[in-house]
Amino acid sequence: MPLMTDALIIGAGPVGLFQAFQLGLQEIACQIVDALPHAGGQCVELYGEKPIYDLPGIPVCSGRELAERLQQQIAPFKVPLHLGQQVMSLAPAADGGWQLQTSSGQVFLARAVIIAAGVGAFVPRRVAIDGLSAFEGSQVHYYQTDASRLEGQRVVVLGGEDAALETALQLADSGHCASVTLLHRNSKFKAEAALEQALQQAVARGVITLKVGQPVGIETAADGSRLGALQIATGDDSSETLAVDALLPRLGLSPKLGPIADWGLAMERKLLTVDPATQATALPGIHAVGDICHYPAKRKLLLCGFHEATMAAFALAAYLRPEQRQLLQYTTTSPRLHELLGVAGSSART
Ligand SMILES: Cc1cc2nc3c(=O)[nH]c(=O)nc-3n(C[C@H](O)[C@H](O)[C@H](O)COP(=O)(O)OP(=O)(O)OC[C@H]3O[C@@H](n4cnc5c(N)ncnc54)[C@H](O)[C@@H]3O)c2cc1C
């Protein structure tokens, strides 16, 4: 069933989240889609624990904390968040507005679309080995995998960063797998100290095997129907074979602009050209905000993205309700905004 909404926001990064807040103040119903399994965009994915010092009125806060605060701020509007799916297509809908479809097959019908796609959708880095992609979804799992689906299997987790160590530890703790091997190209990890310590303990207990090497090829069943083993270069021109039932690559995520470039929108250096007064693209009802948009003197900063989201919300209110006179209301004093925010009647901030 298609989901109908006034506005669909592509991207749950900081700007997409604040866009939902601004649309809420304008009484425009919206939904958000993001390729990542969590909200926060770059703030969480690239610098979750690092401090931000240039947000007005907040002397310091981490990327993750900002994402949490933004989600708290939109809570009164109960915005549906569709995570772990990338918006793949955008086309005019039969009776006006836009039809969008995600990688999970979900269809949206939206009167307006706000593209807050930042530097692109964060997608897992793929393993570049001939023939491996044929086993994606059956034996090669790039996204979160339920340990119970790996019952009795010889699992190889690939990578040396937090996500790889976390996955290996979770699988080992679950007790579902026949074996868990962590394969990394060298013996140095780029992970939190606590995770490395837990890994060493798991190795000492014999529940995880560490293997140093680079996968360079695969061996399959005679009819090619199953992945049987990885060929691994172990340095000094030597190689070995590692039996595998399930391969879980955790090599990090990289942003990909992806299908947005094919939607017929004007672009300049992979960015969407907009009118900064409205954030409108050349297509009716499609606006772009945050790092993905471009106009003269654009700065890729959070503050600028938040401003753009505000401009886009006012413009969309005029676009969706042309008959209504636009009022500037303050959250401090407007009884209507207090009602929307669920704070009506509370005389003091708690
Ligand atoms: C290391 C670092 C430090 C920074 N420090 C600061 C700072 O101190 N102060 C400051 O002001 N700025 C800082 N920035 C910049 C700031 O993080 C960005 O300006 C901000 O994240 C832009 O937000 P956004 O929502 O536009 O995009 P993003 O944060 O990139 O979010 C976009 C989201 O859209 C999703 N997406 C993209 N395409 C699709 C699709 N087709 N379908 C579904 N989802 C999609 C992505 O998965 C992503 O989650 C920093 C950036 C970095 C990398």
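Counting convention: from 1, in listed order, for ligands and their atoms alike.
Annotation: ligand 1 has protein neighbours I10, G11, G13, P14, V15, G16, V33, D34, A35, L36, G41, Q42, L46, Y47, I52, D54, Q85, Q86, V87, A116, A117, G118, V119, G120, A121, F122, G290, D291, K300, L301, L302, each with a heavy atom less than 4.0 angstrom from the ligand.
Here the rule is side chain to side chain contact (heavy atoms under 4.5 Å, CB included) with C30, and of L23, I74, D6 only L23 fits it.
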Which atom pairs, one a donor and one an acceptor, fall under 3.5 Å between side chains of residues 307-316 and the rest of the protein, sequence neighbours left out?
residue	atom	partner	partner atom	Å
E308	OE1	G290	N	2.8
E308	OE1	K298	NZ	3.2
E308	OE2	Y295	OH	2.6
E308	OE2	K298	NZ	2.9
T310	OG1	F306	O	2.9

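Both tests pass for R126 against the ring of Y142: distance under 6.0 Å to the centre and angle within 45° of the axis.
For E68 and R64, the salt-bridge test fails: no basic side-chain N is under 4.0 Å from an acidic carboxylate O.
Applying the ring-ring contact (aromatic ring centres under 6.0 Å, His included) test to residues at least two apart or on different chains, the pairs with a partner in residues 68-91 are F21-F77, H82-F108.
Under the rule for a side-chain hydrogen bond (donor to acceptor under 3.5 Å, both in side chains), the partners of R336 that lie at least two apart in sequence or sit in another chain are E27, E339.
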